[in-house]
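Working notes for the structure below.
Worth knowing before you read on, the calculation uses all heavy atoms, side chains too, and leaves out hydrogens, waters and symmetry mates. Keep in mind that this is a model prediction, so the values were computed, not measured.
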Amino acid sequence: MDYIDISGWERHQVPARRPGKKSAARRKKKRKRLFLARLIFGGVILLAGILLGVILWRLLLLVMQRGTEAVETVRQQAEAGWAADEIDPDRPVIVEDFLTPNPYSRPGEKLPEVRNIFVHYTANPGTTAEQNRSYFENLGITGETSASAHFVIGFDGTIIQCIPLDEIGYAVKTRNYDSISIECCYQSEDGSFTQATYDSLIKLTAWLLKKYDLSPEDVLRHYDEGGKKCPLYFVEHEGAWEDFRQDLADYIRRN
């Protein structure tokens, strides 16, 4: 068989392909997609920065508002003649109008401890905090019954303190010697409180809980000790009572 010698043949190199129009178009599309991706990413970062700025600004305004309220409270307490060591920025504005000592509404007995804060309603719609305070005062004259509370909150949000915190009141028969009571005025027949009353009740209760190292679970209705329908709305609307406790806990956490 004859063999063919191919050792001397020249090997031809295949020339490299030059980029065509399709390759250039692909690169152009790729650059365009990359540009759009960078543009979208930059937009997201910008929006996130704006949102964060708005949140921080609102937090700053909230802090400034709380600070202003605290300063105003201290100013009002100072104008009321409080001693420097008595001024408490967490204490809501309270009008101290103590009852005259008497056997029927302010017996003057020492309050040994505070285990609970009781919430009541006045059971006479449309009467003011001042009128209910006067009712307690007049019991010292009429002697028709024994009744009182440490605080009365009006439907305009006014807080009147009737009894010093180191004395008992006549509010919850079996618990007068280890609790503080708050009476709330109201206007609606269903016993619901105005927003002003509700807000003052939150602030006053939060301050008392802090003062006595208690928690929202230590706040009770008069109903919870003896079964009396007091405060009426919170007894007939259990959800509203739970909402109040939650609002109280939220307020304490925020402050």
Give the C-alpha distance, both sets of side-chain angles, the deciding distance and a yes or no for side chain to side chain contact (heavy atoms under 4.5 Å, CB included) between Asn124 and Tyr135.
CA-CA 11 Å; Asn124 46 353; Tyr135 169 73; over 6 Å; no

Mind checking side chain to side chain contact (heavy atoms under 4.5 Å, CB included) for Pro101 and listing every partner two or more places apart, or none if nothing turns up?
Arg106

Treating Asp218 as the side-chain partner and Ile117 as the backbone partner, does any N or O pair qualify as donor plus acceptor under 3.5 Å?
no

In short, salt bridge (Lys or Arg N to Asp or Glu O under 4.0 Å) pairs touching residues 113-127 with sequence neighbours left out are Arg115-Asp178

Rounded to the nearest 0.5 Å, what separates atom CZ in Phe41 from atom CG in Leu36?
15.0 Å

Please report the interatomic distance CZ(Arg175) to CG(Leu220), rounded to the nearest 0.5 Å.
6.5 Å

Does any pair with a residue in residues 136-149 pass salt bridge (Lys or Arg N to Asp or Glu O under 4.0 Å), and if so which ones, sequence neighbours excluded?
Arg133-Glu137

Classify the angle between the aromatic ring planes of Phe118 and His120 as parallel (below 30°), tilted (30 to 60°) or perpendicular (above 60°).
tilted

Polar side-chain atom of His237 near backbone of Leu232 as donor-acceptor pair, under 3.5 Å:
no

Which heavy atom in Val219 sits nearest to a heavy atom in Phe244, and how many Å separate them?
CG1-CE2, 4.2 Å

Val119 with Leu204, same ILVMFWY side-chain cluster at under 4.5 Å
yes

Taking every heavy atom of Ser215 against every heavy atom of Leu209, the minimum-distance pair comes out as O-CD2, 3.5 Å

Taking only residues two or more places apart in sequence, or in another chain, which ones meet Tyr104 in a ring pair (Phe, Tyr, Trp, His ring centres under 6.0 Å)?
none

Set of side-chain hydrogen bond (donor to acceptor under 3.5 Å, both in side chains) partners for Tyr198, sequence neighbours left out
Asp247

Please check if the distance between the ring centroids of Tyr121 and Tyr233 is under 6.0 Å.
no

Working to the nearest 0.5 Å, report the span between CG of Asn138 and CG of Leu99.
10.0 Å

Looking at Ala149 and Ser181, what are the two nearest heavy atoms and their distance?
CB-O, 3.9 Å

Just verifying a value: how many Å separate Leu56 CG and Leu51 CG, rounded to the nearest 0.5 Å?
9.5 Å

Do Gln161 and Phe151 make a side-chain contact, defined as non-hydrogen atoms from C-beta onward lying under 4.5 Å apart?
yes

Is Ile94 linked to Leu111 within one hydrophobic cluster, defined over Ile, Leu, Val, Met, Phe, Trp and Tyr using a side-chain heavy-atom separation of less than 4.5 Å?
yes

d(His222 NE2, Lys173 NZ) to nearest 0.5 Å is 8.5 Å

Would you check if there is a donor-acceptor pair between the side chains of Glu225 and Thr174 at a distance under 3.5 Å?
yes

Where is the tightest heavy-atom contact between Phe155 and Gly126, given as atom of each residue plus distance?
CE2-O, 3.6 Å

Side chains of Thr158 and Asp156: donor-acceptor distance under 3.5 Å anywhere?
yes

Within 6.0 angstrom of Asp166 CG, more than 12 heavy atoms from elsewhere
yes

Locate the shortest heavy-atom distance separating Ser200 from Gly157; write the atom from each residue and the value.
OG-O, 2.7 Å

Given the rule that I, L, V, M, F, W and Y join up when any side-chain heavy atoms are under 4.5 Å apart, are Leu201 and Leu165 in one cluster?
yes

Sequence-distant partners of Arg253, salt bridge (Lys or Arg N to Asp or Glu O under 4.0 Å), two or more places apart
Asp250

Working to the nearest 0.5 angstrom, can you tell me the gap between Leu214 CG and Thr205 OG1?
11.0 Å

Counting only N and O atoms by type, is there a donor-acceptor contact under 3.5 Å from the side chain of Thr127 to the main-chain atoms of Asn132?
no

Please check: side-chain N/O of Gln131 versus main-chain N/O of Thr128, any donor-acceptor pairing under 3.5 Å?
yes

Student check: side-chain heavy atoms of Ile182 and Leu208 closer than 4.5 Å
yes

Would you say the side-chain atoms of Ser148 pair up with the backbone N or O of Tyr170, donor to acceptor, closer than 3.5 Å?
yes

Give the cluster check for Ile163 versus Phe98: same hydrophobic cluster or not, with ILVMFWY residues linked at side-chain heavy-atom distances below 4.5 Å.
no

Backbone of Phe193 reached by a side-chain donor or acceptor of Thr197 within 3.5 Å
no

Which heavy atom of Lys203 sits nearest a heavy atom of Tyr251, and at what distance?
CG-OH, 3.5 Å

Determine, using the 4.5 Å side-chain heavy-atom cutoff (strictly less than), whether Ile153 and Val95 are members of one ILVMFWY cluster.
no

